[in-house]
Visitor: 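So that we are looking at the same thing, I have put the structure below in structure tokens.
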Amino acid sequence: MSDQADKAGTTVAKPPPWNDPFVRSIFFQVVAIGLLGYFFYSIFDNTLSNMAKSGVSTGFAFLTREAGFGILMSLIEYDETHTYGRTFFVGLLNTAIVAFCGIILATILGFVIGIARLSNNWLVSKLATVYIEIIRNIPLLLQIIFWSVAVLQALPDPQNSIKYGESFFLNNRGLFLPKPIFEDGFGLVTIAFLVAIAAIVYIKRWARQRQEQSGDQFPVFLTSVALITGLPLLVFLAMGMPISWEYSALERFSFVGGSNIIPEFMALLWALTMYTAAFIAEIVRSGIQAVSHGQTEAARALGLRNGPTLRLVIIPQAMRVIIPPLTSQYLNLTKNSSLATAIGYPDLVSVFMGTTLNQTGQAVEIVAMTMAVYLTFSLGISAIMNWYNKRVALVER
Amino acid sequence: MQNTAPQETTETQKAGIIQMIGVHKWYGEFHVLKDINLLVDQGERIVICGPSGSGKSTLIRCINRLEEHQQGQIIVDSVELTSDLKHIEQIRREVGMCFQHFNLFPHLTVLENLTLAPIWVRKVPKAEAEEIGMKYLERVKIPDQAQKFPGQLSGGQQQRVAIARSLCMNPNIMLFDEPTSALDPEMIKEVLDTMIELAETGMTMICVTHEMGFAKTVANRVIFMDEGQIVEENEPNEFFDNPQHERTKLFLSQILAH
């Protein structure tokens with residue numbers, strides 16, 4: 001050590017370049033990049049020349065051509081005369097809606113089952129365990145087909161629908177519900193709803209200030225629930241119920257009017273929700289169990305009850321364990337929705353990568369667009385969840 | 001604290017703020033506590049020692065019902081501990097506890113750790129709770145750490161925050177469960193000093209510890225436990241200089257040997 005300090009200024013002897021770790025690492029990285037570049041070039045070149053040989057035109061011109069096929073369910077206006085480009089958006093929205101509903105329902109169901117599994121009640125925790133062990137150990141595709149074929153297709157035909165009053169009908173064509181038609185004056189109800197939301201924000205702030213000054217707690221949650229349901233309802237009644245319903249009615253062999261939720265959507269959503277919820281339940285359980293028992297004891301020793309202990313001490317700490325794997329489950333659910341093809345739900349893969357691809361033969365463009373959609377969805381979900389994760393992260397040192 | 005303390009002392013100057021009468025506890029087949037009889041007076045400071053697994057932690061954890069006893073009576077501040085949630089809550093508000101591993105809430109700042117229970121249990125206004133919090137942080141000599149998170153403090157500082165956190169609830173009784181066992185040697189002193197200062201205020205304290213120096217300076221009584229029983233109890237000088245039982249002698253020789 002002291003020897004080196006004395007010779008300060010003189011440089012350490014250099015090894016020959018073939019033994020120098022720095023030179024070596026540069027060399028191997030250059031080789032790796034070169035090989036990778038050649039690999040992609042050859043694939044690209046090969047594809048182009050093959051397509052040229054078989055006379056396939058490339059490019060996105062097909063998107064403006066007329067599609068000429070119908071789609072079972074569409075959130076935007078669509079019929080056979082619309083373009084292939086339109087089929088892309090129909091499929092995209094169908095995927096988005098099933099993923100969105102699935103994520104929300106699976107989160108709720110998953111949290112409930114996860115907490116149930118930790119319950120002190122023997123029956124509740126065993127039921128939750130049985131649910132998790134059955135659902136997560138059966139392949140998702142089987143479950144989707146089960147709900148579609150064994151449950152929903154086994155429902156009676158429209159003439160023998162299961163009825164709830166004269167407004168809800170469940171049969172093998174799906175669930176038929178009344179469609180609301182808003183009349184004059186309904187705008188005021190919407191305004192009342194917005195006013196209620198504003199009032200809740202105000203009350204929340206007021207309650208916090210009052211707490212800080214006097215120490216009294218205010219039942220913000222119950223008041224909020226009362227406001228958000230009560231105020232619009234009051235205006236609704238005062239305006240003379242400015243809404244009418246278009247009921248579904250049976251005409252010959254099927255229902256006409258009203259709104260319809262197709263069985264394929266129900267089967268897919270139900271299977272995705274149940275399957276993902278089983279995984280989320282385990283994530284929630286492990287997250288809560290990861291918070292050391294000492295935290296609960298400390299809170300109890302301070303006199304906190306179970307509710308505040310869970311809400312103020314356990315859940316905030318459990319969330320940082322829960323969020324990263326929860327993100328993966330959201331991504332899984334979104335990507336698993338492509339199994340819709342198996343039961344004919346018109347999602348992006350079924351409509352665009354299925355029918356549109358078959359009719360146009362534009363494989364490269366269509367596959368690339370579809371992949372880009374899933375990539376965008378997934379990266380979007382990741383970004384949101386990472387942002388949230390950062391907010392709940394612990395500060396250490 | 002100042003305005004309520006005088007009245008309470010006149011009220012509860014009666015002997016036996018904690019009474020344990022014939023208490024038994026089992027963990028499954030294992031008999032942890034065997035016929036424990038213990039009377040603690042207001043202002044008394046008791047040190048419990050004994051080999052590991054002797055039931056000393058279990059004993060003090062029964063006093064605020066972190067553990068349930070199966071037989072006998074525990075009466076704290078004239079409230080009997082049963083499965084009645086009202087009683088349990090009432091007692092937990094009056095009894096503070098410090099743990100071996102501090103158990104601070106890592107997601108809250110030091111000051112938030114201190115104000116959590118006053119705000120949610122005592123319904124104290126936030127500003128006032130923060131004032132009380134700062135007062136106790138000054139008492140444990142770390143007011144400058146108020147805005148930090150527990151993970152940013154040393155072990156000794158964390159334990160002092162834990163003590164301050166309990167004091168913010170203005171307890172009549174403080175329980176300490178091996179408060180210095182998880183600390184590096186150089187940090188033990190700062191925590192013991194804080195506890196000695198607390199003892200000087202007249203707080204009723206029960207402390208499970210192997211710090212024999214602390215026992216000698218602070219305790220009114222030392223209790224030795226082995227295999228779930230109270231083997232011997234005496235005032236500190238007698239206890240250390242003239243132990244009566246073989247097991248006590250053996251234990252003392254082992255911990256004082258080096």
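A, B, ... follow the sequence lines: proteins, then strands. Residue 1 opens every chain.
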Visitor: For the candidates B/Gln90, B/Gln100, B/Glu128, B/Arg61, which exhibits the highest count of non-hydrogen atom pairs separated by less than 4.5 Å from chain A?
Guide: B/Arg61
Visitor: Give the minimum heavy-atom separation between B/Leu116 and A/Leu312, together with the two atoms involved.
Guide: CD1-CD1, 4.0 Å
Visitor: In terms of heavy-atom proximity below 4.5 Å to chain A, should B/Leu175 be classed as side chain, backbone, both, or neither?
Guide: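 The answer is neither part of B/Leu175.
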Visitor: If I compare all heavy atoms of B/Met97 with all of A/Ala301, which pair ends up nearest, and what's the gap?
Guide: CB-CB, 4.1 Å
Visitor: For B/Tyr27, does the OH atom have more than 12 heavy-atom neighbours from other residues, nucleotides or ligands under 6.0 Å away?
Guide: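 More than 12 heavy atoms, drawn from other residues, nucleotides or ligands, come within 6.0 Å of this atom.
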Visitor: Answer yes or no: are there more than 12 heavy-atom neighbours, outside A/Tyr374 itself, under 6.0 Å from its atom OH?
Guide: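 Enclosed: over 12 neighbouring heavy atoms sit under 6.0 Å from OH of A/Tyr374.
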Visitor: Hey, what do you get for CG (A/Leu302) to CZ (B/Arg92), rounding to the nearest 0.5 Å?
Guide: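 Spacing of CG (A/Leu302) from CZ (B/Arg92) equals 10.5 Å.
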Visitor: Counting only heavy atoms closer than 4.5 Å, note whether B/Arg165 contacts chain A via side chain, backbone, both or neither.
Guide: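 Looking at B/Arg165, backbone and side chain both touch chain A.
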Visitor: Measuring from B/His107:NE2 to A/Ile314:CD1, what's the distance to the nearest 0.5 Å?
Guide: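 Result: 8.5 Å between the selected atoms.
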Visitor: Quick check: do A/Gln295 and B/Pro106 have side-chain heavy atoms less than 4.5 Å from each other?
Guide: yes
Visitor: Between A/Arg305 and B/Trp120, is NZ or CZ placed under 6.0 angstrom from the six-membered ring centre and within 45° of the ring axis?
Guide: no
Visitor: Is a side-chain N or O of B/Asn103 found less than 3.5 angstrom from the main chain of A/Gly294, in a donor-acceptor match?
Guide: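 Yes, the answer is positive, given that a donor and an acceptor are paired below the 3.5 Å cut-off.
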Visitor: Where on B/Phe99 is there a heavy atom nearer than 4.5 Å to chain A: the side chain, the backbone, both, or neither?
Guide: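 The answer is the side chain of B/Phe99.
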Visitor: Can you name the nearest heavy-atom pair linking A/Arg300 to B/Leu66, along with the distance?
Guide: CB-CD2, 4.0 Å
Visitor: So which part of A/Arg208 gets closer than 4.5 Å to some heavy atom of chain B, the side chain, the backbone, both or neither?
Guide: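 No part of it gets close to chain B.
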Visitor: Keeping A/Gln317 on the side-chain end and B/Phe105 on the backbone end, is there a donor-acceptor pair under 3.5 Å?
Guide: no
